[in-house]
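As structure tokens, the structure follows; a few thoughts come after it.
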Number of protein chains: 2
Amino acid sequence: MAGKSLSYKKKIIKQLYFSNLLSCAELSIKIEKSLSLTTKMLNELISEGIVVETGYAPSSGGRRPLMYTLKTDIFYTVAIAMDQFFTRIAIMDMRNNYINKVEKFELRLADNPDALHVLTNRIEEVITQSGISKNKIAGIGIGMPGFVNVQEGANYTFLQTSGESITEHIFKKTGVPAFIENDSSIVALAELRFGAARNRKNAMVINIGWGVGLGMIMDGELFRGENGFAGEFSHIPLFNNGKLCSCGKSGCLETETSLFVIVEKAKAGIQAGRVTALKQLISGKEEHLERDAEAIINSAGKGDRFAIELLSEAGYNIGRGIAILIHLLNPGIVVLSGRGALAGKIWQAPIQQALNEHCIPRLSVNTEIALSALGYEAELIGSAALVMEKYGEVIKKPAKKDNVKSRTISFKGIS
Amino acid sequence: MAGKSLSYKKKIIKQLYFSNLLSCAELSIKIEKSLSLTTKMLNELISEGIVVETGYAPSSGGRRPLMYTLKTDIFYTVAIAMDQFFTRIAIMDMRNNYINKVEKFELRLADNPDALHVLTNRIEEVITQSGISKNKIAGIGIGMPGFVNVQEGANYTFLQTSGESITEHIFKKTGVPAFIENDSSIVALAELRFGAARNRKNAMVINIGWGVGLGMIMDGELFRGENGFAGEFSHIPLFNNGKLCSCGKSGCLETETSLFVIVEKAKAGIQAGRVTALKQLISGKEEHLERDAEAIINSAGKGDRFAIELLSEAGYNIGRGIAILIHLLNPGIVVLSGRGALAGKIWQAPIQQALNEHCIPRLSVNTEIALSALGYEAELIGSAALVMEKYGEVIKKPAKKDNVKSRTISFKGIS
DNA sequence: GGCCATTTATTAAGTTATGAATTAATAATA
DNA sequence: TATTATTAATTCATAACTTAATAAATGGCC
């Protein structure tokens, strides 16, 4: 039947999602099929009401190309961003616009056997409330902390399941295919597809938060390593400081650079009598950690010398880590992202200092350092991108030995 | 014409080179074409005298597969391994057998503007002497030290050319396509295709020699980074020892682990009155560096405590570097290769010790540590593999860059 | 202003590759 | 020992895809 033709249509949809506006010639190159075939597919997609023409783009010395884009109300993604304490759920259209208000709620992941059920129910609720028919939803993408095994759809740290995987569980309950990824990788995916690393071949995306995460783009693809554990930047052994890390080892990069450590250092400095505006702003109570971290970032932005010193010191050490990344992986760009990236240009000087001291110039000269502009949205955008990344791929489910069930992600509209 | 069909035939030849013996069904999977097409291509290759049947392989529960292999006297590769002082040239058949004696000659790369001409002439000589017709040579593969740009066919450190690239120059003079690679990458390629990392998806190959090189296999492919500089393991900043490195920085991994440093430490120890068999074996003169290094490795093998101590210390520090690799890249296997790997099991204990101290167990238990068995042949085998790796490759025009402006804030100073 | 090289789009004609059917040969099973 | 399930190899009609020819529209250049 039209099996192949369907798959090419999905490839076109995927490309239009990631690039928004493309000509027939561009599409032909991207899906690696001939122009004639691409034309045919495009015309069918138009008559099916999935793709629309948007007029002519400026010429670069030849006939002007007719541009095509996706109709926004045909497909949607469910994008979910989780951290250890809070979870956000959004429904997005094919241009990454939120369809409704982003649903944010508290959901503790550590030692919470009920977390997966709560999550699944919330997903159901959000979909139902949106009024969008499930066959219009391309999939559910979830970014979460912990050791995530993408193939198995499992998380070895949180959301323990019995028997079936996380993705299977959500698929069974909601009827919509689900995909999970590590939070740092999802941020890297967002930067690769819609952010500072857009269309880059080799990018390192550093996620400065309670830890220091790393998402790696290599040869244009998200790299996850043999078991899905790649990118444990936080725990590379870099110091002889004897400080115990949450991972059980000592001297990890995280022990000198995470926002958590920075807040601790701020408290110690205040106690030691440092003159700083932070004295009034930091409570030091554990439940105010988030607020305290923000206070330090803000104060540094306003010129508080102690706050700047704290961030500079962390920045220098992150820079040492980046120097290692550059030597080993020769990325074209390093993107600073995540909550901590809000401190913006304050990172610039100390990181540059570290690179000057620790990088072979030939390497550092070829690497651009950039700040993310996606901010808090990065994880949600990445989750949506994750869904569309998988769109049109055949998912094989190894059921009981004999039966290998497969299901392509498809929609009533075009199947 | 038979353009496509030709390209598929080359793919089949390539697969048969790397796997030696394959059935039609296996080939069909490897070249990702249907069984029917594969059958047709195979039959044509047989009637062209390139491929031969070798009889039936044991069955695994069905009809026995007819196995195919390459005729050995149809194609050859010219494999070249260079270091800073010596160059080896070999001609190999499709089973990596040497056709003639390996040609080894002195060729200093540093400050030698004549090096490329000498090399090219020697290649010509070797091919002529072999009596093999040039149209039977699939290509010339060269592994060399320095910063190698594979796409441009250039080496930024040695073999400077004017105008045309190294590979262009050799192609013009010999009429045979040439390919170059960094020496550490070429060793990794050898381990991936014919050595300890065979068929592995994610492998780190460590080349212990005058420096400490690294070749990286990621997702089944050699990884070279944005500019071809990836794998500068030797120069990651790991120590606060203040020791100046050849790269101009201080504290590089190399300053505590290279064979050069180990010899220096041996000399210092002897002077300080250490009881060791090395006292008689080490001359300390710079021209005997190679012999001295061998003496230390041999003495350690014979149980000399000082020699073992020297290697153990270096091994521990290499282990610290490996711990970083494991955290960042989650490889399935780490292979110790190169001249220094001859010390064999002496490395194992200190490296393991370092991993125990500096690795998150979940990561290190998933990584195998192995010793190379290819030894001195690795670079030549890798060079031959490089040729066949490129064999039959279609050169595509790079897709047009999207002119989408990203909302990136770049650090002007850094880029 | 007019020619030419480029780029894009469309269609018909021709080529290529595939699925389904078929034959063959084995291991596992009953 | 016969039966069944697997795996392998082959062939051929036809669906799938590309090439080549054609046309249209533009910028750059003399």
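Keep in mind that the numbers below use all heavy atoms, side chains included, and drop hydrogens, waters and symmetry copies. Letters A, B, ... mirror the listed sequences (proteins, then strands); counts begin at 1.
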| Ion pair present between A/E48 and A/K9, side-chain N to carboxylate O less than 4.0 angstrom? | yes
| said: Rounded to whole Å, how long is the line connecting atom CG of B/L42 with atom P of D/dA9? | reply: 9 Å
| Rounded to the nearest 0.5 Å, how far does CG of B/L16 lie from CG of B/L70? | 4.5 Å
| query | When the distance from NZ of A/K40 to C1' of D/dA16 is rounded to whole Å, what number comes out? | reply | 7 Å
| said: Nearest to the B/L66 side chain among D/dT26, C/dA17, D/dA9, which nucleotide is it? | reply: D/dA9
| field | Rounded distance (nearest 0.5 Å) linking atom CG of B/N199 with atom NZ of B/K201 | value | 9.0 Å
| B/K134 (side chain) donor-acceptor with B/G175 (main chain) under 3.5 angstrom | no
| query | Does a donor on one side chain and an acceptor on the other come within less than 3.5 Å for A/D93 and A/Y98? | reply | no
| remark: Whole-Å distance, B/L6 CG to C/dT15 P, equals 18 Å
| Heavy-atom check, side chain of B/N202 versus side chain of B/I217, under 4.5 Å | no
| Are the side chains of B/M92 and B/Y76 in touch, meaning some heavy atoms are under 4.5 Å apart? | no
| Counting only distance, no hydrogens or angles, is the base of D/dA25 paired donor-acceptor with the side chain of A/R63 under 3.5 Å? | no
| message | Quick one, A/E181 with A/R224, criterion salt bridge (Lys or Arg N to Asp or Glu O under 4.0 Å). Give me CA distance, side-chain angles, the key distance, then yes/no. | response | CA-CA 10 Å; A/E181 251 300 355; A/R224 297 294 285 124; 3.1 Å; yes
| said: Between C1' on C/dT10 and CE on A/M41, what's the gap in Å once rounded to a whole number? | reply: 15 Å
Every protein N/O lying under 3.5 Å from an N/O of nucleotides 27-30 of chain C:
none

| task | Could you say whether B/Y56 or A/L37 is positioned toward the 5' end of DNA chain D, judged by the nucleotide with the nearest heavy atom to each? | result | B/Y56
| Proximity to DNA chain D (any heavy atom under 4.0 Å), residues of residues 16-36 of chain B only | B/S23, B/C24, B/A25, B/L35, B/S36
| field | Phosphate-side-chain proximity, B/R64 and C/dT26, N/O vs OP1/OP2 below 4.0 Å | value | yes
| Whole-Å distance separating the CD atom of A/E53 from the C1' atom of C/dT8 | 13 Å
| request: Return no unless some side-chain N or O of A/Y8 is found under 4.0 Å from OP1 or OP2 of D/dC17. | output: yes
| request: Look up atom OG1 in A/T38 and atom CG in A/L27, then write down how far apart they are to the nearest 0.5 Å. | output: 7.0 Å
